[in-house]
Colleague: 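This is the structure I want to talk about, given as structure tokens.
In what follows, every chain begins at residue 1, and chains take the letters A, B, ... in the order their sequences are listed.
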Amino acid sequence: MRHGRVTTVSAAISGVSPATKSPYTQLCNVLLVASLSKTLSQSVCRTGLIGEVPDLLISMKEDGVNLDQTTSKVLLDSLISSVKRNELRLALSIFFKLLEASDNNGEVSVSYLPGNVAVNELLVVGRVKDALIVWDELKVSGHEPDNSTYRILIQGCCKSYRMDDAMRIFGEMQYNGFVPDTILYNSLLDGTLKARKIVEACQMFEKMVQEGVRASCWTYNILIDGLFRNERAEAGFTLFCDLKKKGQFVDAITFSIVVLQLCREGKLEGAVKLVEEMETRGFSVDLVTISSLLIGFHKQGRWDWKEKLMKHVREGNLVPNVLRWNAGVEASLKRPQSKDKDYTPMFPSKGSFLDIMSMVGSEEDEARTEEVTPIEVDPWSSSPYMGQLADQSNRPKPLFALARGQRVEAKPESFDVDMMNTFLSIYLSKGDLSLACKLFEIFNEMGVTDLTSYTYNSMMSSFVKKGYFQTARGVLDQMGENFCEADIATYNIIIQGLGKMGRADLASAVLDRLTTQGGYLDIIIRCELQHDDRSE
DNA sequence: CTAGGGTTAG
């Protein structure tokens, strides 16, 4: 029966009549390749064919058809994309099929452990809690973790500020005889310092040295930056000077970190001097560094210093470009304001504030999750929790993924957005909401839609501070329309805004979602929660 | 795969 249907579908899609090859394997390849291609996946989903894959996998199992290498590869890719699309039911089947295949004594070789892929994808998508549980279950059912498993888990925990989990897993890793490398130590150091655990960080560094793991430029950059952020500026400068004297372990980023700190402290002269030194040593002064300087100049009321940069930074034509950009924008900003003072018409807000909750997942979602049919016992299940996850197909997604803000690269297409963000910050810190709005408006007119969450967050934050809640809501809508992903700062602003509007009920509901959805909490929210605990 | 700017925070 199944054979017949499968063969027909396979033939229909591929246009090739299955001959000697197993129809399962063939259809699997065709379907999954199709699901990976953007245009085809839509039609496959629309026709509901993608739903056939789990059944298909079960048929294969029943009939004892083994996976070939191509299929495994396709399955692996498909697993990754289905977790990303929150299609956990599908991911689950693929996951277990792969587990089984890799258990089959090497007949099918997959280059990595499927468990690692599953755990990694859960982490990337922001389901840190889920990933930890799945991992525990895999361990119990005898799937040996390897070096990558530990690296993936520890880095995931570090990025989500779960340092206790990170340290626990790190300990276990060493207990099991795996040797951590420089990069793993770097991740741990960075996480520890970002979590403001300076003492632990120092111990970690000592341990690293003791064990003979060699520190790199990155290690020292993380350390110096961490010292600056944890009120140990003196120690940071000392370390920097020592390294510089030795002429080792300093690079352009090191200088950039120190320049930023000098700007924070208002030591502009020192900062500019360091930039000069940077150049003599042959390190290029990039946009990040210039951005730090510009903001520093503005904060100290020394805006005239921006011309000085021209003299000091000879590298390329970055500074002239920045200044030209600035001049052009300031000219545009002088045009008459086209909208009225509170900018409400600029961002028409749609819907009630209650539907903020729909972004976070509605109550019905939860109800539906509760009444999900009893979990079928999967014969291959090494991770019942993964099965449970898959059964909750309408389970709300985590609100945001683990990925940090986009890295700044020397790509010219991000220049405008980077500059805009820098000047937004300058105008907003001046309290010049009107100028900031104008800048925002100009970019909207230009049809620039690839703004970063930073842009929307700063606008929203200012509106919320001024009490323009409708306008803030408009920005939030616009952010959604432009498919800009909300991040932790966005949710902080939403929580703050709802609170200010007297909707503490909604605010705490949003916070609840943040904590229960397996997402991660920002260090700030963690502090707030601790604060709440203490005051109660 | 790990580091630096601009947003959130009594």
Colleague: Under 6.0 Å between ring centres: does that hold for Tyr150(A) and Phe170(A)?
Modeller: no
Colleague: Go through the side-chain N and O atoms of Asn221(A) and Asp251(A) and say whether any donor and acceptor fall under 3.5 Å apart.
Modeller: yes
Colleague: Mind checking if Lys299(A) touches a base, just sugar-phosphate, or nothing, with heavy atoms under 4.0 Å?
Modeller: nothing
Colleague: Rounded off to whole Å, could you give me the OH-to-P distance for the Tyr456(A) and dG6(B) pair?
Modeller: 20 Å
Colleague: Any idea which of dT8(B), dG4(B), dC1(B) is nearest the Gln155(A) side chain?
Modeller: dC1(B)
Colleague: Tell me whether the side-chain N or O atoms of Thr289(A) pair up with the base of dG4(B) as donor and acceptor below 3.5 Å, since no angle test is needed here.
Modeller: yes
Colleague: It should be established whether Lys465(A) places a side-chain nitrogen or oxygen under 4.0 Å from OP1 or OP2 of nucleotide dT8(B).
Modeller: yes
Colleague: So what does Thr490(A) hit on the nucleic acid, given a heavy-atom distance under 4.0 Å: a base, only sugar-phosphate, or nothing?
Modeller: nothing
Colleague: Mind checking Ile253(A) for me? I need base, sugar-phosphate or nothing, with any heavy atom below 4.0 Å counting as a touch.
Modeller: base
Colleague: Looking across every strand, which nucleic acid part, if any, lies under 4.0 Å from Ile183(A) by heavy atom: base, sugar-phosphate, or nothing?
Modeller: base
Colleague: With sugar-phosphate meaning primed atoms plus P, OP1 and OP2, does Asn421(A) contact a base, only sugar-phosphate, or nothing at under 4.0 Å between heavy atoms?
Modeller: base
Colleague: To the nearest Å, how far apart are Leu260(A) CG and dA3(B) P?
Modeller: 16 Å
Colleague: From C-beta outward on Ile222(A), which listed nucleotide comes closest to its side chain: dA3(B), dG4(B), dT7(B)?
Modeller: dA3(B)
Colleague: Grab the CZ-C1' distance between Phe170(A) and dT2(B) for me, whole Å please.
Modeller: 14 Å
Colleague: Between Phe255(A) and Phe240(A), is the gap from one ring center to the other below 6.0 Å?
Modeller: yes
Colleague: Just say parallel, tilted or perpendicular for the rings of Phe249(A) and Tyr220(A), cut-offs at 30° and 60°.
Modeller: tilted
Colleague: Is the ring centre of Tyr454(A) under 5.5 Å from the base ring centre of dT7(B), and are the two planes under 30° apart, so that they stack?
Modeller: no
Colleague: Does Ser461(A) have a side-chain nitrogen or oxygen under 4.0 Å from the phosphate oxygens OP1 or OP2 of dT8(B)?
Modeller: yes
Colleague: Picking from Ile152(A), Asp130(A), Ile169(A), what satisfies side-chain contact (heavy atoms from CB on, under 4.5 Å) with Trp135(A)?
Modeller: Ile169(A)
Colleague: Nearest to the side chain of Asp251(A) - dT2(B), dT7(B), dA3(B)?
Modeller: dA3(B)
Colleague: Ignoring hydrogens and angles, does a donor from either the side chain of Ser256(A) or the base of dG4(B) sit under 3.5 Å from an acceptor on the other?
Modeller: yes
Colleague: Under 4.0 Å: is that the gap between some side-chain N or O of Lys194(A) and OP1 or OP2 of dG4(B)?
Modeller: yes
Colleague: Whole Å only: how far is the CG atom of Asn492(A) from the C1' atom of dT8(B)?
Modeller: 5 Å
Colleague: What is the distance from CZ of Phe255(A) to P of dA3(B), rounded to the nearest Å?
Modeller: 21 Å
Colleague: Whole-Å distance between dG4(B) C1' and Leu193(A) CG?
Modeller: 14 Å
Colleague: Taking atom C1' of dC1(B) as reference, at what distance in whole Å does atom CZ of Arg151(A) sit?
Modeller: 5 Å
Colleague: Find the distance between CE (Met459(A)) and CD1 (Ile493(A)) and round it off to the nearest 0.5 Å.
Modeller: 11.5 Å
Colleague: Can you tell me how far P of dT7(B) sits from CD1 of Ile295(A), to the nearest Å?
Modeller: 7 Å
